[in-house]
Amino acid sequence: MLRTVSCIRLSRTRALLQRPCRCLSTGTLFAVATPIGNLQDASARVISTLQRVEVVAAESSEVLEALKNSNDEVMNPFQKVQSFYAHNEEERMPELLAHLREGHDVAITTRAGTVGICDVGARLIKAAHAEGISVSSIPGPCSITAALAASGFSGSQFFFDGYLPAMRKARLELLRSRLGWLKDGGLDEFILVNFCNGDMLEEVLVDFDQVLGAEAQICVAKDISMPYENVLRGAIGAVRRTWATLEAQRGAVVLLAELRSKRRGTASSASSSSASSGSKELKELAQVFQKHHVPVQKASLIAAQLTGRPVEEALEAMKAALGEGSINKADAQEGGARLTLHLVNLGRHITEEELQMALQQADVPSGQVSFARSHMGGQIAFIRYATPEVARQARTTINLAQIRPGASDG
């Protein structure tokens, strides 16, 4: 009998040693989703996990404090909270992994939402897996799925692209490549999901209009789960008009677009709409450049920068509108092209007085200023000087970063 019991114990020990999972002495790393606005969205499991772990790696201690205040005794007095955010993630990882190796449970929390989605935590989780440390996800609020649910889009496929690029050219290239999936990737429809900063949404919607067409269906979700939540759905043009009436535009938003191929019979040809829209923009810019005597080569470069269209296409459009000559003939006699300095995309709300003041502060010679507003979002300033020498001095002195008062508000 004794021998039989010993054999059973030995076989159990061997089985435990042969398991591919973590060492028995290590702790567990918990990826804990935190509320994205409403503290009541924190589940009982989230609260209990935060209560019992020994260490919390928190992107925001304020969030933990708020959870503690809204749920009695969330934080126990023996718990150690460490700051854990993008700029110190690499530095904190060795210490957190050491806690786990010693058998302590560790929780990761972000400022809002799910760990690792455009946020901290993924590198630590990867390192924990590499060491055989157990990882457990505590699910909870997620702005992506919340926005999808509120949008009413019925597609079974969606693609999350993270934050949209800040530069317009990169943004347009990204949108065109995603649109190409309908034609080249064999997809009939899918929902494109992005994060975007609210203060640049107007510019982004202009790009969506250009690439997808004004009738494409989109949804903008802002302040999800908060009392002042906004969910706007409709054609791009209608959503743009409604968004312009909102007072609070700062903060992150979730932007969804319903992309459908022509095979579905529900959408116009977005590619032809994009080309038509781009052609219209180039023609309108050509009229502005003709009025201000901008050389064809210079005009094509500015137009390509503003519209995101290829430089070759912009050059052809400028030649067609301005002629093959380098500058307007009437202006050529006084060397007008050399007299004018062009500043692109200064922001929609900058005034001439603000620009002149900024020029003075940057030690750039002042001149005769005129503006051309771009419906793509922003302004072009044309600063005309008395002589080419003064204009040349301005070009060598100017730092565009110093000449953007109020641009961030546009």
Side-chain angles (χ1 to χ4, degrees), residues 9 12-145 160 162-163 195 252:
R9 287 177 177 173
R12 285 178 178 174
T13 303
R14 284 174 178 168
L16 288 171
L17 291 174
Q18 291 172 357
R19 284 182 182 179
C21 62
R22 66 186 178 97
C23 174
L24 294 177
S25 64
T26 63
T28 298
L29 177 62
F30 292 95
V32 180
T34 50
I36 54 179
N38 193 323
L39 292 175
Q40 294 180 357
D41 291 337
S43 69
R45 190 169 173 225
V46 165
I47 301 304
S48 65
T49 301
L50 292 176
Q51 282 179 325
R52 64 186 175 81
V53 297
E54 287 86 354
V55 179
V56 176
E59 185 182 26
S60 171
S61 59
E62 289 83 0
V63 171
L64 293 182
E65 189 65 28
L67 285 172
K68 177 181 178 181
N69 294 336
S70 63
N71 298 273
D72 295 338
E73 306 278 333
V74 170
M75 308 279 286
N76 70 58
F78 305 102
Q79 198 175 55
K80 182 177 181 181
V81 178
Q82 295 189 5
S83 64
F84 188 67
Y85 49 91
H87 297 297
N88 74 350
E89 185 174 8
E90 199 71 37
E91 176 187 342
R92 291 291 194 194
M93 280 175 53
E95 184 178 353
L96 293 171
L97 288 170
H99 283 304
L100 289 162
R101 293 189 202 102
E102 293 167 2
H104 302 296
D105 290 338
V106 175
I108 316 172
T109 64
T110 66
R111 186 177 301 277
T114 303
V115 172
I117 300 180
C118 289
D119 230 321
V120 296
R123 284 190 290 179
L124 177 59
I125 292 171
K126 180 180 178 181
H129 279 303
E131 295 196 20
I133 295 170
S134 178
V135 176
S136 178
S137 175
I138 310 298
C142 176
S143 60
I144 300 168
T145 53
F160 175 61
Y163 275 94
F195 287 156

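Side chains are part of it too, since the values below use all heavy atoms of this structure and drop only hydrogens, waters and symmetry mates.
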#### Entry: CA sep, side-chain torsions, deciding dist, call: E89, R123, side-chain contact (heavy atoms from CB on, under 4.5 Å)
CA-CA 8 Å; E89 185 174 8; R123 284 190 290 179; 3.3 Å; yes
### Message
Go through it in stages, so that I can follow the logic: the residues are K80 and V56, the test is side-chain contact (heavy atoms from CB on, under 4.5 Å), and I'd like the CA-CA distance, side-chain angles, deciding distance and then a yes or no.
### Response
CA-CA 6 Å; K80 182 177 181 181; V56 176; over 6 Å; no
#### Entry: Separation of I133 CD1 from I125 CD1 (nearest 0.5 Å)
12.0 Å
### Query
Shortest non-hydrogen contact from P139 to A33?
C-CB, 4.0 Å
### Task
Please name all residues satisfying side chain to side chain contact (heavy atoms under 4.5 Å, CB included) with D119, sequence neighbours left out, ordered by chain then number.
E59, T110
### Query
Please walk me through it: do I108 and L29 pass side-chain contact (heavy atoms from CB on, under 4.5 Å)?
CA-CA 8 Å; I108 316 172; L29 177 62; 3.7 Å; yes
#### Entry: Distance (rounded to the nearest 0.5 Å) between D41 CG and T34 OG1
10.5 Å
### Query
What distance do T26 atom OG1 and L100 atom CG have between them, rounded to the nearest 0.5 Å?
7.5 Å
### Query
Checking side-chain contact (heavy atoms from CB on, under 4.5 Å) for the pair V106/F30: CA distance, chi angles, key distance, verdict?
CA-CA 6 Å; V106 175; F30 292 95; over 6 Å; no
### Query
Side chains of S136 and I138: closer than 4.5 Å at any heavy-atom pair?
yes
### Query
Taking all non-hydrogen atoms of both residues, which atom of S137 and which atom of R45 are closest, and how far apart?
O-NH1, 3.8 Å
### Query
Looking at C118 and G162, what are the two nearest heavy atoms and their distance?
SG-CA, 3.7 Å
### Query
What distance do E131 atom CD and L97 atom CG have between them, rounded to the nearest 0.5 Å?
5.0 Å
### Message
Can you tell me which residue among V120, L50, V81, L67 is in a side-chain contact (heavy atoms from CB on, under 4.5 Å) with T109?
### Response
L50
### R111 CZ to L64 CG distance, which is reported to the nearest 0.5 Å
11.0 Å
### Task
Compare every heavy atom of V32 with every heavy atom of A107, then report the nearest pair and how far apart it is.
CB-CG2, 3.9 Å
### Query
With sequence neighbours left out, what residues match F160 under ring pair (Phe, Tyr, Trp, His ring centres under 6.0 Å)?
F195
### Task
Would you please name every residue forming a side chain to side chain contact (heavy atoms under 4.5 Å, CB included) with R92, sequence neighbours left out?
Q82, S83, F84, N88, E95, L96
### Task
Could you tell me whether a side-chain N or O of D105 sits under 3.5 Å from a main-chain N or O of G27, the two making a donor and an acceptor?
no
#### Entry: For G121 against V115, the heavy-atom pair lying closest together
CA-CG1, 3.8 Å
### Message
Rounded to the nearest 0.5 Å, what separates atom CG in L124 from atom NZ in K126?
### Response
12.5 Å
